[in-house]
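This report concerns only the one structure given below.
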Amino acid sequence: MTKNNGRMRSASFMAFSAAFALICIGGCQREERPFRVAVPYIGPQDGPRLSTLQPGPEMPVKHVRNDYEDNAWVLSEGKRLFQLYNCSGCHFNGGGGMGPPLMDQKWIYGSAPEQIFSTIMEGRPNGMPSFRGKIPDQQVWQIAAYVRSMSGLVPIDAATNRNDDIHPGVQPENSRKNVVPLQSSIPPAAEMPL
Amino acid sequence: MILGPRIITARGSGGVCLLVATVCAAAVLAGGRARAATTGVVTAVNATSPTRTIPAVLGTTNSSMLLGTTATQMILGMPDRLETTGSLETQLSGTASTATGYGVQPRSSGEQFSTGLSSGKREQASSSSQAVFGPSDAATKASVFGTTNTQSAIDPAGRQAYHIDKLYWMYFWTLASIYVVVLAVLGWALLRRRRNIFDQEQELRAHQAQLREAGEPVRLAPADVVIPRHLEKGPVMVVAAAVAVTVVLLWVFLIGDFATGRTLNALASEKNPLAIKVNAQQWWWEIKYPDEVTTSNTVTTANEIYIPIGRPIRLETQSPDVIHSFWVPNLAGKHDIIPGYPVTFFLQADKVGTYWGQCAEFCGHQHAKMRFSVTALPEDEFQAWLSTQRQSAPSPSTESQKRGQQVFLGASCAMCHSISGTQAMATVGPNLSHIASRSMIAAGSLPNNRGNLAGWILDAQHIKPGCRMPQNNIPADDLEALLDYLESLK
Amino acid sequence: MSRTAERLSTVPTLALPEPDRAVLPLNPLEGQPVPAGANPWVDHENLERTWSAPAGLIGWIASVNHKDVAMRYIKTAMFFFFLNGLLAAAMRIHLAFPEWHLMGPDTYNQVFTTHGTAMMFLFAVPVMEAMALYFVPLMVGTRNVSFPRLNAFGYYLYLLAGILLYGGFLLNIGPDAGWFAYVPLAGAEYGPGKRVDLWSQVVTLTEISALIAAVEILTTVMKQRAPGMSLNRIPIYVWAMVVTSFMVLMAMPAVMTSSTMLSMDRLTNVNTHFFNQAEGGDPLLWQHLFWFFGHPEVYIIFIPGTGFVSAIVPVFARRPIFGYTALVASLISIGFISFGLWAHHMFATPLPRVGQAYFTSASMMIAIPSGIQIFCWIATLWTGRPQFKLPLLFVLAFIFIFVLGGLSGIMLASVSLDRQVHDTFFVVAHFHYVLIGGAVFPLFGAIYYWFPKWTGRMLNTKLGHCNLWTFFIGFNVTFFPMHQLGLKGMPRRVYTYLPETGWQTLNQIATLGAGIMFISMVLFLINVFWSRKHGMIAGPNPWGAESLEWGTTSPPPSYNFLYTPVVTGRSAMWERTDQTPVITGLHTQKREVLTTTILEGTPEHRYELCADSIWPLLAAIVTAASLYGVIFHPWAIPPGCVALFIVLAFWFWRENEPGHLTANTKTSEELENVPPDSTHAAHIPPGGGI
């Protein structure tokens, strides 16, 4: 309507193109669906440690980063597999039962991704089975990510939502912080010095 | 460009439009009747008549189909399916060098197999499958894709689809006639002769001059505009008659629909239905043949339904996850399967043959490949099939098969699949007790042969990205043994 | 001389070399005298200063002129239309070859969901409402819509919704559960991430915008018509938009409610169970709520298309529309009946059979008023004298395509038939026939018809014919084979198919047609951009048309009408005589419009409209920011409410200046002397008036 229309138009066009370019360059990792992934390789040299004691000068521990912890689909797959492979048979929905609770902040064998991975793979005393060879690697990483999410260790926007089920309790079992679960006893033999 | 305005005279545009409409109608006609002709090379080479629906089992007549398919693919420049990378054995040994337990990059081995399987698909089928797969009856050695009418709603092979097909053609012809009539009337309206415009304008100008002299208000409309001042009785009656005809025709359609609906629902009250339970999951179909009397006779299979002809089938469907839809076009309409709404419906096959169905409600990543087949057999053959399925899976006989069974039970397979007679009893994935008797794997999207099985086991995510089958790192010789075992499970 | 030139030469035009608004078109209503004592030059200067937006960037953003806002809407909607076309082209290319994994299933799911969502929410409804926001005030003879700032607010919300959807798509957070997002697939468990939450908020934003436009149109039509324009004299296009607006008011809240319910189900901190069967909810509830909106939605898109046709056909048949009363009754009954059809989208679900029978009957019944409309248009053409100009050719294409789509809709109305073809490409073919045929072809016809009014220049005829024919042929080649594909068993929303199914040939034909349509759209864009600079100059009424928007210059000045004529019949421009009175007595230095009674259109009082304002933009930003935040956390709502409250306080702050202050501002006493009776040319106040 005014004489400035031409200027307005070119200015808005340039602003729009700049925004467009930025958006295209960026991306949203949370929403990817990584069906086929190369998962982290854990060799004997840098495997998970269960103890912080070391002889000689203390070397920093390098934790493997599970890149897909920020990924909503991976966490939802982990949740599905947690039920499917009957982890909930011992750990229930995180509150624990025969097995220790997974929702709290007490980690017997460590909470780093590679430590949880090795717990699942190797099994642990007092009842944790070894799933090596039984659950494919990629799925174990997904379950490990979900386990971390149960204690609120993943970004909240990627964490899973409730199931379309009858579920116990008021809130979904994931992404809570500082929860004291009902069942908090750990068998004494499972207590390890950390 | 020059022709543009010239063509668009009244006659020209009307004529061209009618021509297009006629061509479209003719195309539908042609499409409806000459079904084989629309599918080009593949069906033409196969030369099966459209109405004959006894298909031949995969593997017997496929040389012509191979040629046809390859030629079609080459002509159309289809990517991805024509790379031949040598024999299966070479590929397997190639894999062995990269299989090192943790940290294997599954992509490379999977890719080798996927390209292997795309070329191996047909060749393997023709060479190795005859003796291994499929029930041994001649009548059922049917090419699964002998004709392309095995998933067609207008090629009915069962009562429900037959009634719907009749209704469809009644609707089609009536509506097509209405369409042609409406277009004809429109064409006539546009093209009919009218009074000379210049005479009309002259009259109007003379009239306006008179009014101006008398000081009366002169209307300022353009000279070619006519504003009727009285009710135009002729057109009103014609429009009213058209509306009346519309109402009558709609009643006809309505009654036709109600009648067909009642006929379709009448199947539910017929005697001696065969009950089949369908559990639709993401992204496969679990099929159960329950036996209330002897529970151990319950057959659990996946993605393939066998039914006797001439007998109503009661399908009891449910879904534990999202909405799916059970649809086998040759036999019946579809029924959505909504979690929490178990749905029971009936169908019946009246012709022997294999009919394909597909999930018809968007259910996630692999909705496109959630297929299943319904094979209709004479009653005695069906009973033979059922009794074979009721038996436990065959025990492994050779060394390789025994090793394969150990691999199955020891690796991650037993975490999801079950094989009757073994300790593998998981119900998350398809039941593999008689996997060798199935013509397709992966929910009807891959022919069941050794190469495809291998590719599926190693890298299912390449074939069906997003499906529930994970990638597995199995060393080459273990894989061979496993395949030997699986191929023995007839 | 070509027939077009002949026709144009008999319609008097003003001899302007360039459409330049600084030169006052002395009397766009040819043949009609200026009111005695009025000085049109002064009136034009004052009005222009009063009604146009201030210069500069802020003025451009803050403009509340309905034409500015509507043109922005239209351009944005057409931009989204072409983006969606690219998505559609991607899908068609992908389906041309079986088992082609060019796009993975995840990407393909996002592509078809974005295509559907954007077409329905970001293109179809907004463009129809935008055309109405531009033309309805002109057609009823007023200067602006009733709530100008609300209008601008609606546009900015819509723009932010589009940015949200396309930005999300590019960031891989685009929705992927289909444009109707059935639960449980879109629910808390099976829809991980924030994709469906983003979809919910896009829906909420666009529906607020649609509601705003509906309110504008309704109020303007009911209360701001030209004197003498009783309710049975408004153009059929305006009736169509009235019916559409009522439908929007009834239907949009349903989808906003249901998408909000879905968001609440999915948000961890809210955690409701509306659609969770196990806790007493129901997945079918989603379908009912959505389709209660979804079916009227398609009529909300289709009825304005019929409005365009009813505007174009009389002009090019050179007679008023046949069957005015029947057409109005048909529009109203379509509006009502369309709310009773929704379950025909759910015939495959386990609904009770008796209920399904009712929906079958209603779905067939709605063919009767639609048929009446078609018959009335054909009767108008029959009894008139058709001129085969491009707008009419687009209308003819509409009849060919829409009638075919409607007839395939009758097939879908039957439960038994629908059981075979539901959720297949047959349905895809059907709805593209009725939506593209019933809405997009009339829209293009309307663009060719009204382009001279927007820009003062005609669109090129030769390019227009090429555009029309490639579009028509390309459309039919694309979508007709899909009927057959559906009958042969191809479901919809599949990212690929097996080669053995034999669907390849038909899919390739459809892809070829999509290529032809692409060419058509390119030709259209070339035509538009070329004609804006080099098209034939058009005067106020190049088509010799009947409705009131042709009674002002092309393009209209910011104040729409210099002298609004009194309306004496249904075809306002054709019924007026050289003695038809015009409106006088409204201020030229305040933004004043005349309000009239609802039924008869007699003047009631004068009403002052607001000035340009930046607050609608800020309110839209605040609202959208709050709704963007709700995607992630419900706590985005309270700060959003507080911020919105503050912005609204500024928005509604008592203003110091009504309209524009000018150097010629009169004192209040002088302004008070203007008499309220505005239909006589007798008394002209000393300061000048209209």
Side-chain angles (χ1 to χ4, degrees), chain B residues 1 4 8 10 13 17 24 31 38-40 78 145 148 151-154 164 167-168 171 175 179 182 185-186 189-190 194 217-222 224-227 235 239 242-243 246 250 254 257 260-261 264 322-323 329 333-334 336 338-341 343 358 360-362 365 368 465-466, chain C residues 31 97 104-105 178 182 184-185 190 277 283 318-320 322 348-350 360-361 364 367-368 371-372 375 378-379 381-383 385-386 388 399-400 403-404 407 410-411 414-417 419-420 423 462 465 480 484 487-489 491 493-496 500-502 505 544 574 576-579:
Chain B
M1 299 291 177
I8 311 305
S13 60
C17 292
C24 290
T38 60
T39 54
M78 239 196 54
F145 296 108
T148 53
Q151 204 171 334
S152 171
I154 43 179
I164 298 176
L167 186 73
Y168 170 73
Y171 268 61
L175 293 168
Y179 185 60
V182 169
V185 170
L186 174 68
L190 293 170
R194 289 169 167 86
V218 175
R219 219 173 50 235
L220 296 171
D224 58 342
V225 167
V226 174
I227 302 182
V239 169
V243 172
T246 308
L250 288 176
L254 198 63
D257 170 55
T260 305
L264 292 178
V322 297
I323 304 180
K334 63 179 62 69
D336 279 3
I338 302 178
Y341 279 90
V343 173
Q358 197 160 344
E361 182 61 58
F362 180 59
H365 299 122
Chain C
F97 298 108
Y182 276 178
L185 183 65
Y190 295 99
Q277 187 88 8
R318 309 312 283 156
R319 55 149 293 162
F322 173 89
T349 62
T360 298
S361 313
M364 297 205 181
I368 300 173
I372 292 177
F375 302 145
I378 296 181
L381 288 168
W382 184 300
T383 53
R385 199 178 278 275
F388 292 96
I399 293 182
F400 277 90
V403 173
L404 200 152
L407 296 175
I410 303 274
M411 285 191 194
S414 149
V415 177
S416 320
L417 280 183
R419 282 241 147 109
Q420 282 282 29
D423 240 330
K462 290 200 173 90
H465 279 124
F480 198 78
Q484 187 69 3
L487 289 168
K488 283 167 70 89
R493 301 172 154 181
V494 292
Y495 76 101
T496 188
E500 296 84 2
T501 50
T505 314
W574 292 346
R576 72 196 163 85
T577 68
D578 52 357
Q579 295 176 13

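Only this structure's heavy atoms are used, side chains among them; waters, hydrogens and symmetry mates stay out. Each chain gets a letter, A, B and so on, in the order its sequence line appears, and its residues count up from 1.
Nearest heavy atoms, C/F400 versus B/Y179: O-OH, 2.7 Å. For the pair B/H365 and C/P105, the tightest heavy-atom approach, listed with the atom from each and the gap, is O-CB, 3.2 Å. Between B/F362 and C/G178, the closest heavy-atom pair is CE2-N, 4.2 Å. Taking every heavy atom of both residues into account, C/V494 and B/Q358 meet most closely at CG1-NE2, 4.2 Å. Across all their heavy atoms, B/P339 and C/P283 have their closest contact at O-CG, 3.8 Å.
Of the residues considered (B/L254, B/V243, B/T260), B/L254 shows the highest number of contacts with chain C, using heavy-atom pairs under 4.5 Å. With chain B as partner, the option from C/G371, C/P386, C/A379 having the largest number of non-hydrogen pairs under 4.5 angstrom is C/P386. With chain B as partner, the option from C/P491, C/G104, C/S416 having the largest number of non-hydrogen pairs under 4.5 angstrom is C/S416. Chain C forms the most heavy-atom pairs under 4.5 Å with one residue out of B/V343, B/I227, B/L264, B/V185, and that residue is B/I227. When the candidates C/L417, C/T496, C/V403 are compared by the number of heavy-atom contacts under 4.5 Å with chain B, C/L417 comes out ahead. Of the listed residues (B/G261, B/A360, B/G466), the greatest number of heavy-atom pairs within a distance under 4.5 Å of chain C belongs to B/A360.
Using a 4.5 Å cut-off between heavy atoms, B/E361 contacts chain C through both its backbone and its side chain. Both the backbone and the side chain of B/L175 have a heavy atom closer than 4.5 Å to some heavy atom of chain C. When heavy atoms are compared at a cutoff of 4.5 Å, C/F322 approaches chain B solely by way of its side chain, counted from C-beta outward. In this structure, the portion of B/T246 lying under 4.5 Å from any heavy atom of chain C is its side chain and not its backbone. Proximity to chain C is limited to the side chain of B/I338, based on heavy atoms less than 4.5 angstrom apart. Interface residue C/Q277: only side-chain heavy atoms are found under 4.5 Å from chain B.
The side-chain heavy atoms of C/I378 and B/V239, taken from C-beta on, include no pair separated by under 4.5 Å. Looking at C/Y182 and B/V322, their side chains never come closer than 4.5 Å, going by heavy atoms from C-beta outward. Contact of the C/L487 side chain with the B/Y168 side chain is registered, since non-hydrogen atoms from C-beta on lie closer than 4.5 Å.
Considering CG of B/L250 and CD1 of C/I368, their distance stands at 5.5 Å, rounded to 0.5 Å. Between the CD1 atom of B/I164 and the CD atom of C/Q420 there is a distance of 4.5 Å, given to the nearest 0.5 Å.
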Quiz item: Can C/Q484 and B/I154 be said to form a side-chain contact (heavy atoms from CB on, under 4.5 Å), step by step?
Solution: CA-CA 10 Å; C/Q484 187 69 3; B/I154 43 179; 4.3 Å; yes
Quiz item: Where do B/I323 and C/L185 land on the side-chain contact (heavy atoms from CB on, under 4.5 Å) test, with the steps shown first?
Solution: CA-CA 7 Å; B/I323 304 180; C/L185 183 65; over 6 Å; no
Exercise. For side-chain contact (heavy atoms from CB on, under 4.5 Å), just list the numbers for C/V415 and B/D257, CA-CA rounded to whole Å, side-chain angles, deciding distance to a tenth of an Å, and then say yes or no.
Key: CA-CA 7 Å; C/V415 177; B/D257 170 55; 4.3 Å; yes
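Under the salt bridge (charged side-chain N to carboxylate O under 4.0 Å, His left out) criterion, C/R319 pairs with B/E232, not counting sequence neighbours. The ring-ring contact (aromatic ring centres under 6.0 Å, His included) check on C/Y190 picks up nothing, with sequence neighbours excluded.
No donor-acceptor distance shorter than 3.5 angstrom exists from the side chain of C/R385 to the backbone of B/V225, with no hydrogens or angles considered.
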